[in-house]
Number of protein chains: 2
Amino acid sequence: MARAATTSDVFNAIAEPQRREILVLLRAGERPVTELAQELGMTQPGASKHLRVLREVGLVRVRGAGKQRLYGLDARGLRPVHEWAGGFERFWNESFDRLDAYVQDLKQAKQEE
Amino acid sequence: MARAATTSDVFNAIAEPQRREILVLLRAGERPVTELAQELGMTQPGASKHLRVLREVGLVRVRGAGKQRLYGLDARGLRPVHEWAGGFERFWNESFDRLDAYVQDLKQAKQEE
DNA sequence: TTGACGCATGCCGATATGGGCATACGATGG
DNA sequence: CCATCGTATGCCCATATCGGCATGCGTCAA
């Protein structure tokens with residue numbers, strides 16, 4: 001078994017830096033493929049492929065506008081991600097009682113790995 | 001070029017469902033590898049490998065406790081994820097003026113793809 | 001109809017992944 | 001010093017990824 005299909009999971013979809021960039025760009029409004037490709041310095045087929053993935057996980061929507069296809073953001077799928085990460089908020093705000101112990105331990109003990 | 005190395009990026013590290021589960025489990029406190037493996041129904045080597053990845057992106061810390069190695073959460077690395085996703089909050093709360101248009105468009109136009 | 005434009009796909013190659021298995025490694029106990 | 005327990009690693013396989021390139025397909029203009 002190789003890595004899970006990127007196409008079935010939002011977490012996987014946004015694991016790709018370029019796809020994250022696409023999403024960010026789309027916050028400014030819809031755009032045709034070619035424009036996205038240019039702005040991100042990738043080839044048109046490259047952009048199309050990433051957009052396909054984003055489309056399949058529902059983070060992006062397409063709208064045919066004549067010869068063009070305008071891609072637009074649908075960020076709702078990012079909410080679960082935000083919430084999941086948020087579930088750890090108290091752990092990074094905490095004084096890290098135990099964590100501090102780890103750190104000290106690591107410092108005085110011989111380096112881990 | 002294949003997919004970016006999972007080991008260099010938190011987004012990639014948490015793209016794996018099992019790794020996400022490990023993080024969640026660790027919220028309850030430190031645990032030795034074997035215990036994690038059991039609780040998640042995976043083999044010990046499997047757990048070790050996932051923990052390695054999590055360690056390399058700094059989401060987890062190890063502490064040698066005698067014969068055992070206790071893994072503990074260090075959620076600080078999840079903050080960027082939370083913030084990144086949060087950057088889209090207004091888009092999923094918004095009434096989606098333009099998005100609504102897309103949706104209607106999609107419905108009446110022949111199915112996309 | 002034909003051509004041009006915009007985009008999606010197919011195919012190939014190099015690479016990295018995750019899982020299974022066996023085994024090497026480090027620390028503890030006798 | 002040796003056996004044992006708890007883990008980490010190495011190796012192999014099947015698979016999926018991303019990128020590049022060429023090409024197919026749909027829409028619009030002449």
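Chain naming here is simple, since letters A, B, ... match the order of the sequence lines and numbering starts at 1 in each.
Nearest nucleotide to the side chain of A/Arg55, out of C/dT9, D/dG6, D/dA8: C/dT9. Distances were taken from every side-chain heavy atom of A/Arg19 (C-beta onward) to each of D/dC18, C/dA8, D/dG6; the shortest belongs to D/dC18. Checking D/dA8, D/dG26, D/dT7 against the side-chain heavy atoms of A/Lys67 singles out D/dG26 as nearest. Ranking C/dA8, D/dT7, C/dG19 by closeness to the A/Arg69 side chain, first place goes to C/dA8.
What separates CD of B/Glu35 from C1' of D/dG6 is a distance of 13 Å, to the nearest Å. Following rounding to the nearest Å, B/Leu51 (CG) and C/dG18 (C1') show an atom-to-atom distance of 14 Å. For the pair A/Gln68 CD and C/dA8 C1', the interatomic distance rounds to 15 Å; values are reported in whole Å. Across the protein-nucleic acid pair, A/Arg63 atom CZ and C/dG6 atom P stand 17 Å apart, rounded to whole Å. The interatomic distance linking B/Asp9 (CG) with D/dT17 (P) rounds to 17 Å, in whole Å. For B/Ile22 and D/dT7, the CD1 to P distance is 13 Å, given to the nearest whole Å. For the pair B/Asn12 CG and C/dT15 C1', the computed distance is 14 Å after rounding to whole Å. The CD atom of A/Glu16 sits 14 Å away from the C1' atom of C/dT15 (whole-angstrom rounding).
The side chain of A/His50 places no N or O atom within less than 4.0 Å of a non-bridging phosphate oxygen (OP1 or OP2) of D/dT17. Side-chain N/O atoms of B/Tyr71 include none lying less than 4.0 angstrom from OP1 or OP2 on D/dG6. In this model, the phosphate group of C/dA8 is not approached by any side-chain N or O of A/Arg52 to a distance below 4.0 Å at OP1 or OP2.
Heavy-atom distances to DNA chain D give each of A/Gln18 and B/Pro32 a nearest nucleotide, and the one nearer the 5′ end belongs to B/Pro32.
Ring planes of A/Trp84 and A/Phe11: perpendicular class, angle over 60° (limits at 30 and 60°).
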I'd like a list of close polar pairs between nucleotides 20-25 of chain C and the protein, N/O only, cut-off under 3.5 Å.
{"unit_1": "C/dG20", "atom_1": "O6", "unit_2": "B/Lys49", "atom_2": "NZ", "d": "2.2"}

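When all heavy atoms of A/Leu26 and A/Gly72 are compared, the closest pair comes out as CD1-C, 4.2 Å.
In terms of the side-chain contact (heavy atoms from CB on, under 4.5 Å) criterion, residue partners of A/Gln18 (sequence neighbours excluded) are, by chain and number, A/Glu16, A/Met42, A/His50. With sequence neighbours excluded, the residues that form a side-chain contact (heavy atoms from CB on, under 4.5 Å) with A/Glu39 are A/Leu25, A/Arg31, A/Glu35.
Side chains of A/Arg55 and A/Tyr71: a donor on one and an acceptor on the other come within 3.5 Å.
For the pair A/Arg27 and B/Phe88, the cation sits on the ring face: its NZ or CZ lies under 6.0 Å from the ring centre, inside 45° of the axis.
For the pair B/Arg20 and A/Asp9, the salt-bridge criterion is met [side-chain N within less than 4.0 Å of a carboxylate O].
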